[in-house]
Amino acid sequence: MFSEDFLIGLLRARRITVLTGAGISAESGIATFRDAQTGLWERYDPALLASAEGYKEDKSLVWGWYEWRRAQVLKAKPNPGHLALVELERFVDELTVVTQNVDDLHERAGSKGVIHLHGSLHHPKCFSCNEPHEFANTIPNIAIEGERLEPPRCDYCGGSIRPGVVWFGELVPEEAWQQAEDAVIDSDVLLSIGTSSLVRPASMLPDIAIVHGAKIVQINPDPTPLDSKAHYNFRGKAGEILPTLVKALSDLI
Ligand code: OAD
């Protein structure tokens, strides 16, 4: 599956940036957004569930939906794809994970310093004053998909707590973006895994990498707009290809 040239290129890389999307968590049972039939945006309206306007219109619907998603994530486990990325660290001086995912499966697999471009399901904040809100350390009691739940109140100002994810029309957190861009500019390889490469600004990171001379490697079972720009396209599931890659690298050294 992997040519020796490709493997040697990876081993010579001083720094690799890994850009992940919902596809890497799919094998943990977490739904993606745009996959036919199973994607969340195939079944739900992002204008209602992923915008400040939608939240203002129906807070308990939106809060319940994100609590349902958080419950799914808390019950899920990192899969062989997440785990293989931690193993990959052994073969390069520096590996930075930049994710669009709002779950914590990279961290639970053992990745350190993960950059979250789209925030986190686990770090909600006040809709009015932006103060962070701490969750009780339990799985939310949401059994039914689509169940409404009144959001908690902010301890500081009494405002409504909102999910800590970036919604459409909102900016990616400046610090996370800066860290991601710095990592990409400094990398010899950008590995794009499980993302449809359709959402900006994350989808711009491979272009920035190319301008700075990096090789682009993509792992995805389906075609994406990145296919024509990537130097290497591996068609398949992250949870199968990444462990095979780690094994091939171990066999070579
Ligand atoms: P998408 O749902 O747009 O794309 C998921 C990608 O994962 C698709 O290209 C699939 O082909 C691929 N895929 C599916 N199963 C896979 C597997 N087992 N291994 C590897 N790849 C697999 O998800 P994202 O690109 O992450 O924003 O979407 C970007 C953003 O759009 C999300 O972060 C979300 C959404 O609106 C926020 O939540 C803020």
Side-chain angles (χ1 to χ4, degrees), residues 1 18-55 62 65-66 68-70 72-73 76-85 97-106 109 114-125 162-173 176-177 180 190-206 217-230 232-245:
M1 177 177 236
V18 182
L19 172 63
T20 65
I24 197 161
S25 295
E27 288 157 87
S28 294
I30 307 296
T32 60
F33 295 93
R34 293 174 184 80
D35 281 283
Q37 277 142 29
T38 56
L40 290 173
W41 295 157
E42 296 289 322
R43 299 186 284 130
Y44 294 100
D45 179 7
L48 189 61
L49 289 163
S51 77
E53 290 70 32
Y55 179 76
V62 174
W65 190 71
Y66 282 90
W68 166 71
R69 286 180 58 201
R70 189 166 69 92
Q72 307 287 306
V73 166
K77 290 197 179 74
N79 67 57
H82 297 107
L83 296 167
L85 282 182
V97 177
V98 179
T99 190
Q100 297 165 82
N101 297 345
V102 293
D103 62 48
D104 59 352
L105 293 173
H106 282 304
V114 178
I115 299 168
H116 282 269
L117 290 179
H118 292 164
S120 163
L121 286 172
H122 308 283
H123 300 296
K125 58 188 180 182
R162 59 159 280 178
V165 308
V166 176
W167 280 332
F168 290 109
E170 296 180 329
L171 294 176
V172 162
W177 177 257
L190 182 139
L191 184 49
S192 172
I193 306 171
T195 171
S196 57
S197 298
L198 289 171
V199 175
R200 285 158 70 98
S203 62
M204 291 157 57
L205 289 171
V217 181
Q218 183 177 221
I219 299 176
N220 199 309
D222 293 323
T224 78
L226 188 61
D227 288 11
S228 56
K229 299 180 202 166
Y232 300 92
N233 279 300
F234 297 105
R235 281 266 184 276
K237 294 181 173 179
E240 291 169 8
I241 293 186
L242 283 168
T244 315
L245 175 61

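These figures come from a predicted structure and were not determined experimentally. Heavy atoms only: backbone and side chains are in, while hydrogens, waters and symmetry mates are out. Remember, it's 1-based here, ligands and their atoms both numbered in the order they're listed.
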Where is the nearest protein heavy atom to [atom]: which residue, which atom, and how far?
atom	result
atom 25 (O) of ligand 1	Thr195 OG1, 2.7 Å
atom 6 (C) of ligand 1	Gly194 O, 3.4 Å
atom 32 (C) of ligand 1	Phe33 CE1, 3.6 Å
atom 33 (O) of ligand 1	His118 ND1, 2.7 Å
atom 3 (O) of ligand 1	Ser196 OG, 2.6 Å
atom 13 (N) of ligand 1	Gly23 CA, 3.6 Å

Looking only at distance, does [X] have an N or O less than 3.5 Å from an N or O of ligand 1?
X	result
Lys237	no
Ala238	yes
Arg34	yes
Asp222	yes
Val166	no
Ile219	no
Ala26	no
Ser197	no

Are [X] and [Y] close enough that some pair of their side-chain heavy atoms sits under 4.5 Å apart?
X	Y	answer
Leu117	Val98	yes
Ile193	Leu19	no
Thr195	Thr224	no

Whether [X] lies under 4.0 Å from ligand 1, heavy atom:
X	value
Pro221	yes
Asn220	yes
Asp35	yes
Phe168	yes

Considering the heavy atoms of [X], write down every atom of ligand 1 situated less than 4.0 Å from one of them.
X	value
Ala22	23 (O), 24 (P), 26 (O)
Gly21	26 (O)
Glu27	17 (C), 18 (N), 19 (N)
Gln100	29 (C), 33 (O)

With side chain to side chain contact (heavy atoms under 4.5 Å, CB included) as the test, would you mind laying out the steps for Asn79 and Lys77 before giving the verdict? CA-CA 6 Å; Asn79 67 57; Lys77 290 197 179 74; over 6 Å; no
Kindly indicate whether a cation-pi arrangement holds for Arg162 with Trp167, taking the cut-offs as under 6.0 Å to the six-membered ring centre and within 45° of the axis. yes
Under 4.0 Å, heavy atoms only, figure out whether ligand 1 is touched by the backbone of Trp41, its side chain, both or neither. side chain
Going by the angle between their ring planes, with limits at 30° and 60°, are His82 and His106 parallel, tilted or perpendicular? perpendicular
Ring-plane angle category for Phe234 and Tyr232, please: parallel below 30°, perpendicular beyond 60°, tilted otherwise. parallel
Would you say His122 has more than 12 foreign heavy atoms packed within less than 6.0 Å of its NE2? yes
So Ile24 and Leu242, side chain to side chain contact (heavy atoms under 4.5 Å, CB included) or not? Walk me through it. CA-CA 10 Å; Ile24 197 161; Leu242 283 168; 4.1 Å; yes
Side-chain donor-acceptor pair under 3.5 Å between Asp35 and Thr32, yes or no? yes
Say whether Ser203 and Ser197, considering side chains only, have a donor N or O and an acceptor N or O under 3.5 Å apart. no
Carboxylate-amine/guanidinium proximity below 4.0 Å for Asp222 and Arg34: no
Tell me, with the steps shown, if Thr20 and Leu85 meet side chain to side chain contact (heavy atoms under 4.5 Å, CB included). CA-CA 11 Å; Thr20 65; Leu85 282 182; 4.2 Å; yes
For the atom pair CG (Asp103) and NE2 (His118), what is the distance rounded to the nearest 0.5 Å? 13.0 Å
